[in-house]
Amino acid sequence: MEVIEGCRLPVLRRNQENEDEWPLAEILSVKDISGRKVFYVHYIDFNKRLDEWVTPERLDLKKIQFPKKEAKTPTKNGLPGSRPSSPERDLKRKLEAVSLTTQCSPATPVAPAPEIPTPVFAQNGSVRRAVSVVTGRKRKAGCLGTDEDSQDSSDGIPSAPRMTGSLVSDRSHDDIVTRMKNIECIELGRHRLKPWYFSPYPQELTSLPVLYLCEFCLKYLKSLKCLQRHLTKCNLRHPPGNEIYRKGTISFFEIDGRKNKNYSQNLCLLAKCFLDHKTLYYDTDPFLFYVMTEYDCKGFHIVGYFSKEKESTEDYNVACILTLPPYQRRGYGKLLIEFSYELSKVEGKTGTPEKPLSDLGLLSYRSYWSQTILEILMELKSENGERPQITINEISELTSIKKEDVISTLQYLNLINYYKGQYILTLSEDIVEGHEKAMMKRHLRIDSKCLHFTPKDWSKRGKW
């Protein structure tokens with residue numbers, strides 16, 4: 001029985017509890033290695049980062065499902081057959097393909113904020129605290145979610161495609177090629193990273209066992225020898241751009257996508273390895289990149305970054321955000337998010353991340369929004385024995401979190417209750433205790449006194 005592309009069948013894998021399971025998977029590709037076939041599989045209803053190459057022993061051939069054959073279009077003679085091609089149709093397809101690669105996909109529209117009357121506040125005893133606010137209609141959650149690189153002629157590596165700093169998904173390019181991881185391993189400084197997703201590095205690099213990156217300028221090289229030769233010429237020990245924040249060993253650098261195109265493109269290529277929803281074809285001129293680093297005696301090592309549009313009509317304060325895998329689950333993700341809102345506070349604006357968010361991005365933002373809003377509510381004090389009062393607008397102004405995100409977070413936490421004609425937020429003991437425990441674990445915080453940032457007016461195109 002020949003297993004072909006498009007087949008679906010159970011495949012053996014180990015889950016997080018280190019137990020064997022047989023989830024349904026789709027065969028995306030088949031290749032021959034030393035006379036033995038291996039299969040690239042995507043586990044149905046699992047994140048694409050878990051896709052992998054498997055050997056025949058892990059396939060359950062008894063439950064194989066072959067792909068259905070597409071119905072053939074009858075020819076002019078009335079006989080079944082494939083639809084004949086024509087020069088006009090081929091030209092139309094080429095033009096459509098070109099238009100897809102030159103247009104950025106539109107952002108997901110956000111419903112307008114509901115009108116919020118002035119609320120009343122409530123508080124009852126030490127067991128439960130209640131805050132009266134008015135809620136709106138629940139909004140649907142988001143998805144679970146450069147200077148052209150002039151390469152050294154001695155490296156023999158051509159430039160990669162141009163990329164954008166945007167996180168918006170462009171599913172028109174979700175073909176069989178981009179569904180498969182193409183880079184085996186990346187060496188970045190002292191870390192070796194296994195990519196989760198496809199990234200459009202030059203095709204010559206995809207067959208290498210390891211892709212080497214300079215951890216300061218992020219230039220990609222095909223061998224360790226090329227990297228060592230590059231390091232003798234690379235003078236950077238930190239990201240290019242202005243250092244706008246430093247506290248302890250943590251620093252943030254602001255990089256202009258127009259002034260530092262080489263670095264910005266290389267950063268996007270690296271980020272695409274770990275972000276599924278990222279547009280591939282565009283330019284970085286309209287974007288700013290904020291790179292977080294950790295300092296030691298060797299220099300400033302990249303930890304993560306976020307990008308944002310210089311001008312956003314949708315009030316987006318983050319287009320794309322990533323913490324590199326070696327630094328995940330250590331509080332750096334929330335620190336990046338907190339920093340993006342600190343910039344919004346200096347700008348005097350409310351902001352929201354570009355949608356759809358990745359699955360990890362959605363979890364991080366929900367957690368940050370919850371902790372930030374609960375922190376505001378728990379600091380409220382009653383005056384003259386009356387219930388403390390606050391409005392959605394006031395919460396939004398204090399935190400720079402957009403009203404829609406404040407409302408959706410309150411609904412997500414299930415804090416809103418309707419009592420005697422009023423909407424009241426009730427903080428139970430469980431919520432308060434859970435919040436206090438979470439904040440005790442959150443050691444990394446942004447100190448606004450260490451931020452040296454002056455917003456620019458990007459409406460004048462000359463400043464780009």
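All values derive from a computational prediction rather than experimental measurement.
- With sequence neighbours excluded, the residues that form a salt bridge (Lys or Arg N to Asp or Glu O under 4.0 Å) with E21 are R13.
- Contact of the E184 side chain with the L208 side chain is not registered, since no non-hydrogen atoms from C-beta on lie closer than 4.5 Å.
- Under the side chain to side chain contact (heavy atoms under 4.5 Å, CB included) criterion, I431 pairs with L374, L415, S428, not counting sequence neighbours.
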Test side chain to side chain contact (heavy atoms under 4.5 Å, CB included) on Y412 and N414 and set out the steps.
CA-CA 5 Å; Y412 171 74; N414 200 24; over 6 Å; no
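- The distance from the CD1 atom of I373 to the CD1 atom of I395 is 6.5 Å, given to the nearest 0.5 Å.
- Proximity of a side-chain donor or acceptor of K345 to a complementary backbone N or O of G348 within less than 3.5 Å is not detected.
- Within the 4.5 Å cutoff, side-chain heavy atoms of S396 are placed close to those of K403.
- With hydrogens and angles left out, the side-chain atoms of K334 and S367 include a donor and acceptor closer than 3.5 Å.
- Within a 6.0 Å sphere centred on CZ of R329, heavy atoms belonging to other residues, nucleotides or ligands number 12 at most.
- Between I446 and L451 there is no side-chain heavy-atom pair separated by less than 4.5 Å.
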Full working for side chain to side chain donor-acceptor pair (under 3.5 Å) between E294 and T249
CA-CA 5 Å; E294 205 171 49; T249 59; 4.8 Å; no
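- Side-chain N/O atoms of S448 and E342 include no donor and acceptor closer than 3.5 Å.
- With sequence neighbours excluded, the residues satisfying ring-ring contact (aromatic ring centres under 6.0 Å, His included) with F253 are H238, F300.
- In this structure, E394 contributes its side chain and T391 its backbone to a donor-acceptor pair below 3.5 Å.
- Atom OG1 of T323 is separated from atom CG of L336 by 5.0 Å, given to the nearest 0.5 angstrom.
- Checked options K310, K456, K308; the residue passing with E347 is K308 (criterion: salt bridge (charged side-chain N to carboxylate O under 4.0 Å, His left out)).
- Not one N or O on the side chain of T206 forms a donor-acceptor pair closer than 3.5 Å with the backbone of P202.
- Within a 6.0 Å sphere centred on CD of Q16, other residues, nucleotides and ligands contribute 12 heavy atoms or fewer.
- Side chain of R58 to backbone of L12: a donor-acceptor contact under 3.5 angstrom is found.
- At least one test fails for R179 against the ring of F198: distance under 6.0 Å to the centre or angle within 45° of the axis.
- Using modelled atom types, one finds a donor on one side chain and an acceptor on the other under 3.5 Å when comparing N47 with Y197.
- Shown here are the side chain to side chain contact (heavy atoms under 4.5 Å, CB included) partners of H191, two or more places apart in sequence or in another chain: L193, P326, Y327.
- Here Y201 and Y220 bring their ring centres to under 6.0 angstrom of each other.
- Looking at residues two or more places apart in sequence or on another chain, you find no side chain to side chain contact (heavy atoms under 4.5 Å, CB included) involving L363.
- Within the model, atoms OG of S370 and OH of Y365 stand 13.5 Å from one another, a figure rounded to the nearest 0.5 Å.
- Using modelled atom types, one finds no donor on one side chain facing an acceptor on the other under 3.5 Å when comparing T352 with D315.
- Listed for the K222 side chain is no donor-acceptor partner under 3.5 Å among the backbone atoms of L211.
- Looking only at distances, a side-chain donor or acceptor of N15 sits under 3.5 Å from a matching main-chain atom of N18.
- In this structure the side chain of F216 reaches within 4.5 angstrom of the side chain of H301, judged on heavy atoms.
- Contacts of H435 classified as ring-ring contact (aromatic ring centres under 6.0 Å, His included), with partners at least two apart in sequence or in another chain: none.
- Residues L324 and V303 fail the side-chain proximity criterion, which asks for heavy atoms closer than 4.5 Å.
- Applying the salt bridge (Lys or Arg N to Asp or Glu O under 4.0 Å) criterion to R445, with sequence neighbours excluded, gives E338, E375.
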Full working for side chain to side chain contact (heavy atoms under 4.5 Å, CB included) between D20 and R14
CA-CA 5 Å; D20 291 344; R14 284 285 176 95; 2.3 Å; yes
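- The line from CD1 of I376 to CD of Q371 is 13.0 Å long, rounded to the nearest 0.5 Å.
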Let's go through I186 and R192 carefully: what are the C-alpha distance in whole Å and the side-chain angles of both, what is the deciding distance for side chain to side chain contact (heavy atoms under 4.5 Å, CB included) to 0.1 Å, and is it a yes or a no?
CA-CA 6 Å; I186 290 176; R192 282 208 167 183; over 6 Å; no
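- Annotation: cation-pi pair K402/W369 absent, no NZ/CZ under 6.0 Å from the ring centroid and within 45° of its normal.
- Put simply, the side chain of N182 gets close to the backbone of S199: a donor and an acceptor are under 3.5 Å apart.
- Side-chain atoms of N266 come within 3.5 Å of backbone atoms of N262 as a donor-acceptor pair (strictly under, hydrogens ignored).
- Considering CD of E314 and CD of E309, their distance stands at 9.0 Å, rounded to 0.5 Å.
- Residues that satisfy the salt bridge (Lys or Arg N to Asp or Glu O under 4.0 Å) test with E436, not counting sequence neighbours, are absent from this structure.
- Proximity of L380 to L377: side-chain heavy atoms (C-beta onward) are separated by under 4.5 Å at one or more points.
- When side chains are defined from C-beta on, S264 does not count as touching F287, because their heavy atoms never get closer than 4.5 Å.
- Looking only at side-chain heavy atoms (C-beta outward), V11 and P23 stay at 4.5 Å or farther from each other.
- To the nearest 0.5 Å, the span separating NZ on K272 from CG on L267 amounts to 14.0 Å.
- Across P353 and N317, no two heavy atoms sit closer than the pair N-OD1, 3.8 Å.
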Audit row: Q265, L269, side chain to side chain contact (heavy atoms under 4.5 Å, CB included) steps and yes/no:
CA-CA 6 Å; Q265 165 141 358; L269 286 168; 4.1 Å; yes
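- Of the possible donor and acceptor atoms, one in the side chain of D296 sits under 3.5 Å from a partner among the backbone N and O of K298.
- Less than 6.0 angstrom separates the ring centroid of Y245 from the ring centroid of F339.
- Partners of I44 under the side chain to side chain contact (heavy atoms under 4.5 Å, CB included) rule, at least two apart in sequence or in another chain, are R8, L24, E26, H42.
- F453 is linked by a ring-ring contact (aromatic ring centres under 6.0 Å, His included) to nothing, counting only residues two or more places apart in sequence or in another chain.
- Ring-centre distance between Y341 and Y368: below the 6.0 Å cut-off.
- Applying the ring-ring contact (aromatic ring centres under 6.0 Å, His included) criterion to W22, with sequence neighbours excluded, gives no partner residue.
- With sequence neighbours excluded, no residue forms a salt bridge (Lys or Arg N to Asp or Glu O under 4.0 Å) with D430.
- F306 has its ring centre less than 6.0 Å from the ring centre of Y290.
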